[in-house]
Protein chains: 2
Amino acid sequence: MTDTPAPAPARRGRPGYDREQLLAGAVRVFNEQGYDATSVAALTERLGLSKAALYHHFDSKEQVLDASLEHALGSLEAVLDTPDALSGDAIDRLAAVLRGAVAVLVAELPHVTLLLRVRGNSEVERRALARRRAFDQRIAGLVREAQREGSVRSDIEASVVARLLFGMVNSIVEWYRPGGAEDAGRLADDVLTVALHGLRT
Amino acid sequence: MTDTPAPAPARRGRPGYDREQLLAGAVRVFNEQGYDATSVAALTERLGLSKAALYHHFDSKEQVLDASLEHALGSLEAVLDTPDALSGDAIDRLAAVLRGAVAVLVAELPHVTLLLRVRGNSEVERRALARRRAFDQRIAGLVREAQREGSVRSDIEASVVARLLFGMVNSIVEWYRPGGAEDAGRLADDVLTVALHGLRT
DNA sequence: GTCTATAAAGAGATAGAC
DNA sequence: GTCTATCTCTTTATAGAC
């Protein structure tokens, strides 16, 4: 949840990166070209420092990835432990979680984007995928509860509903760019409208 | 639309790949590990032949990718030129296109999966992205028409609706596996139900 | 916190025989 | 249609100076 605490007092001359700034820059580049397709040389060139300088802050390229995934997963998991997600009707808790997930997606766009593209090619990636699966299962549980209380249609399996819902939510990283026409709150409203009430007039 | 015409008469001994079989195998491996993360050595080892044998069938690793993307894009674009997508009420054409897209996704799962993960790191990838954008815009146009005819709610921008819809559809490649509980037709029904009528009872 | 230079391994692709 | 061997370039990561 630490998102560049102060706006970083506009350094002059040589960047003089600290670990946090470097992470943010690296994740931006990873998202443009893909993590695997981005060599450390290409990365550091884009950021304007040498490879050795980056290796002063991180042990490996993969540790950069790990830090980013931790950031994304921590923020998403926190949504499930929010008061609004813990008590009340299941439908309201589900709505709160969807709204919270959209908010995290937008607030932590680069980290979540990177997370959603991980395929499991290393121990770090597999751990991240395991945490994603656990998250998804808690969503499916929430949908099941909402079906039992009668507020969500029961003619579609809960796990399918959960997947379609988060398919819609997660796809936001593919096109949403901050400062566009749509702000985060409006976007969450749109998602909830489509998901709960549908497009048909 | 050529999907292993005959089920390939179960060769004995040495594989003796032809270009088509090799493509199918390669795409499967690319989807498991990611295209960039898969070296030609790792790929051919998995397929049980030498690098030189693969280079007998394809000029380059990228040409394998290109063939797969062509397959996926051709099939998707064909959906837009289907009779049901060309005449009738806009809402019905939209529904037909969604249904067709789900069908293609399922029928050409490996190729479409690969397509959806392309980031634009080469000319081949950028051409594919351009075709995807064109496809997306035709969908947005269809949504706009449906809004004008009054069959789709107008309080959400057409381009946002189109993106959320295809976010839901495209996310299917992340979890759908043929032969599971859900068949393609049922899956398309579920998507249309959620998209048009929503989850709320 | 940064740099240049370099090590060691892995990448894509080819040569030429069978 | 396949193989082994090899070329060349790029990769991740480190050494050691400033």
Side-chain angles (χ1 to χ4, degrees), chain A residues 4 8-27 29-30 32-69 114 118-119 121-125, chain B residues 4-6 8-27 29-30 32-69 114 118-119 121-125:
Chain A
T4 42
R11 293 163 176 276
R12 289 146 315 192
R14 276 260 216 58
Y17 284 106
D18 63 18
R19 192 180 153 108
E20 198 114 356
Q21 296 171 307
L22 215 37
L23 175 61
V27 171
V29 177
F30 286 158
E32 282 176 27
Q33 320 190 339
Y35 171 78
D36 291 305
T38 305
S39 70
V40 176
L43 171 63
T44 54
E45 198 172 333
R46 273 286 305 274
L47 298 178
L49 41 52
S50 67
K51 289 194 285 180
L54 181 127
Y55 280 107
H56 172 74
H57 295 274
F58 294 92
D59 289 346
S60 64
K61 181 186 171 185
E62 190 166 44
Q63 199 185 63
V64 181
L65 176 64
D66 197 26
S68 175
L69 298 180
L114 199 51
V118 154
R119 311 250 44 94
N121 287 324
S122 64
E123 220 19 68
V124 163
E125 296 193 9
Chain B
T4 41
R11 292 162 176 278
R12 291 145 317 192
R14 277 259 216 56
Y17 284 107
D18 64 18
R19 191 180 154 110
E20 199 115 351
Q21 295 171 308
L22 215 38
L23 176 61
V27 170
V29 177
F30 285 157
E32 281 175 27
Q33 321 190 340
Y35 172 77
D36 291 306
T38 305
S39 69
V40 176
L43 170 63
T44 55
E45 199 173 333
R46 274 285 308 274
L47 297 178
L49 40 51
S50 66
K51 289 196 285 179
L54 181 125
Y55 280 108
H56 173 73
H57 295 276
F58 293 92
D59 290 345
S60 65
K61 180 186 173 187
E62 190 167 45
Q63 198 185 63
V64 181
L65 176 64
D66 196 25
S68 175
L69 298 180
L114 198 52
V118 153
R119 311 249 44 93
N121 287 323
S122 64
E123 218 20 66
V124 163
E125 297 194 7

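Keep in mind that what you see is a predicted model, and the values were worked out from it rather than measured. Order of the sequence lines fixes the chain letters, A, B, ..., with proteins taken first and strands second; residue numbering starts at 1 for each chain.
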Taking [atom1] from [X] and [atom2] from [N], how many angstroms apart are they, rounded to a whole number?
{"X": "L54(A)", "N": "dC3(C)", "atom1": "CG", "atom2": "P", "value": "11 Å"}
{"X": "F58(B)", "N": "dG1(D)", "atom1": "CZ", "atom2": "C1'", "value": "14 Å"}
{"X": "E20(A)", "N": "dG1(C)", "atom1": "CD", "atom2": "P", "value": "12 Å"}
{"X": "L49(B)", "N": "dT2(D)", "atom1": "CG", "atom2": "P", "value": "6 Å"}
{"X": "K61(A)", "N": "dA11(C)", "atom1": "NZ", "atom2": "P", "value": "12 Å"}
{"X": "N121(A)", "N": "dT11(D)", "atom1": "CG", "atom2": "C1'", "value": "16 Å"}
{"X": "E62(B)", "N": "dA13(C)", "atom1": "CD", "atom2": "C1'", "value": "13 Å"}

Where is the tightest heavy-atom contact between [X] and [Y], given as atom of each residue plus distance?
{"X": "S68(B)", "Y": "L114(B)", "value": "OG-CD2, 3.5 Å"}
{"X": "R119(B)", "Y": "E125(B)", "value": "N-OE1, 3.4 Å"}
{"X": "A42(A)", "Y": "S39(A)", "value": "N-OG, 3.0 Å"}
{"X": "R19(A)", "Y": "H57(A)", "value": "NH1-O, 3.1 Å"}
{"X": "A37(B)", "Y": "Q33(B)", "value": "CB-O, 3.2 Å"}

Residues in contact with DNA chain C, drawn from residues 33-45 of chain A - heavy-atom cutoff 4.0 Å
none
Quick one: does D18(B)'s side chain get under 4.5 Å of Q21(B)'s, heavy atoms only?
yes
Identify the pairs formed between an N or O of the protein and an N or O of nucleotides 14-18 of chain C at a distance under 3.5 Å, and give each distance.
none

Y17(B) side chain to G25(B) backbone, donor-acceptor under 3.5 Å:
no
With a cut-off of less than 4.0 Å, is there a side-chain N or O of H56(A) near OP1 or OP2 of dT14(D)?
no
Of the listed dC3(D), dA13(C), dG1(C), the closest approach to the S60(B) side chain comes from dA13(C)
Donor-acceptor pairs under 3.5 angstrom involving side-chain atoms of residues 58-65 of chain A: please list them, not counting sequence neighbours.
from	atom 1	to	atom 2	distance (Å)
D59(A)	OD2	Q63(A)	NE2	3.3
S60(A)	OG	E62(A)	N	3.4
S60(A)	OG	Q63(A)	N	3.1
K61(A)	NZ	Y35(A)	O	3.0
K61(A)	NZ	T38(A)	O	2.8
E62(A)	OE2	S122(A)	OG	2.5
Q63(A)	OE1	D59(A)	N	3.0

Kindly compute the distance separating OH (Y55(A)) from CG (L49(A)), expressed to the nearest 0.5 Å.
12.5 Å
